[in-house]
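Reading through the structure tokens given below for one structure.
Here is how names work: the chains are called A, B, and so on, in the same order as the sequence lines, proteins then strands, and each is numbered from 1. What's counted below: heavy atoms across the whole structure, side chains too, no hydrogens, waters or symmetry copies.
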Amino acid sequence: KNEVEQSPQNLTAQEGEFITINCSYSVGISALHWLQQHPGGGIVSLFMLSSGKKKHGRLIATINIQEKHSSLHITASHPRDSAVYICAVSTLNTDKLIFGTGTRLQVFP
Amino acid sequence: KAGVTQTPRYLIKTRGQQVTLSCSPISGHRSVSWYQQTPGQGLQFLFEYFSETQRNKGNFPGRFSGRQFSNSRSEMNVSTLELGDSALYLCASSLFGGVTYEQYFGPGTRLTVT
């Protein structure tokens, strides 16, 4: 079993829909990162959080430390949101990033 | 402020050769981490350098090595290339060492080993 699991693996949506991507982890963490990767490979850090909730524009990230679960929400999705979204955790014991396998999102006009 | 830059962006090498990849962090950032991304294994941590010292290392063979210079620029080297080393190699910089600081990623170097 992977230490960081994401669901769903693939997601298609119509423009304007509300999107949720989930991340569960099984290790002790100091922080959780949400990353966005566009075709071509470049990765952008969207959020880093260790508790509660963060919001940036149409993106919202939440984390529940007790349940070892985080969600990334996209409100009013747009075709430019099409990308792979990757969850990664900073591990307590090793101070390394462990990555989920990513969620491929396609938003159609 | 300029972002993280990586050179070269694309590289084709033959099995058995060696390769050196370069990463220039954001100005003022002292930590550089390297990652390998493959379709089969996803993203995996290679190593982290902070103030010219290797601070942390992933589970990769000794063929993978790196270093960091006094200006925080970092290089990684892979010797005796194998077909399985074909991957996107990403570096990320942060202000301080450790992954509890926000990581800023470069565009990556796509290495193809034939």
Between [X] and chain A, with a heavy-atom cut-off of 4.5 Å, which part of the residue counts as in contact: side chain, backbone, both or neither?
| X | result |
| --- | --- |
| B:Gln37 | side chain |
| B:Leu43 | both |
| B:Tyr35 | side chain |

Quick check for you: to the nearest 0.5 Å, what is the distance between A:Phe47 atom CZ and B:Glu102 atom CD? 10.5 Å
Look up atom CD in B:Gln103 and atom OG in A:Ser45, then write down how far apart they are to the nearest 0.5 Å. 8.0 Å
A:Ile98 portion near chain B, given a 4.5 angstrom heavy-atom threshold: neither
Okay, A:Ile86 and chain B: the region with an atom under 4.5 Å from a heavy atom over there is side chain
Transitive ILVMFWY side-chain link [X] to [Y], under 4.5 Å:
| X | Y | answer |
| --- | --- | --- |
| B:Met76 | B:Phe60 | yes |
| A:Phe99 | A:Leu32 | no |
| A:Leu72 | A:Met48 | no |
| A:Leu49 | A:Leu46 | yes |
| B:Val78 | B:Leu83 | yes |

Is any side-chain heavy atom of A:Gln37 closer than 4.5 Å to a side-chain heavy atom of B:Leu88? yes
For a 4.5 angstrom cut-off between non-hydrogen side-chain atoms, does B:Tyr104 reach A:Val44? no
Any side-chain hydrogen bond (donor to acceptor under 3.5 Å, both in side chains) pairs touching residues 83-93 of chain B, not counting sequence neighbours? B:His29-B:Ser93, B:Gln36-B:Tyr89, B:Arg63-B:Asp85
How close do B:Phe45 and A:Leu97 get, heavy atom to heavy atom, and via which atoms? CB-O, 4.0 Å
If the contact rule is any heavy atom under 4.5 Å from chain A, which residues of residues 47-55 of chain B qualify, in numerical order? B:Arg55
Please indicate whether [X] has more than 12 foreign heavy atoms, meaning atoms of other residues, nucleotides or ligands, lying under 6.0 Å from its [atom1].
| X | atom1 | result |
| --- | --- | --- |
| B:Asn71 | CG | yes |
| B:Ile12 | CD1 | no |
| B:Phe64 | CZ | yes |

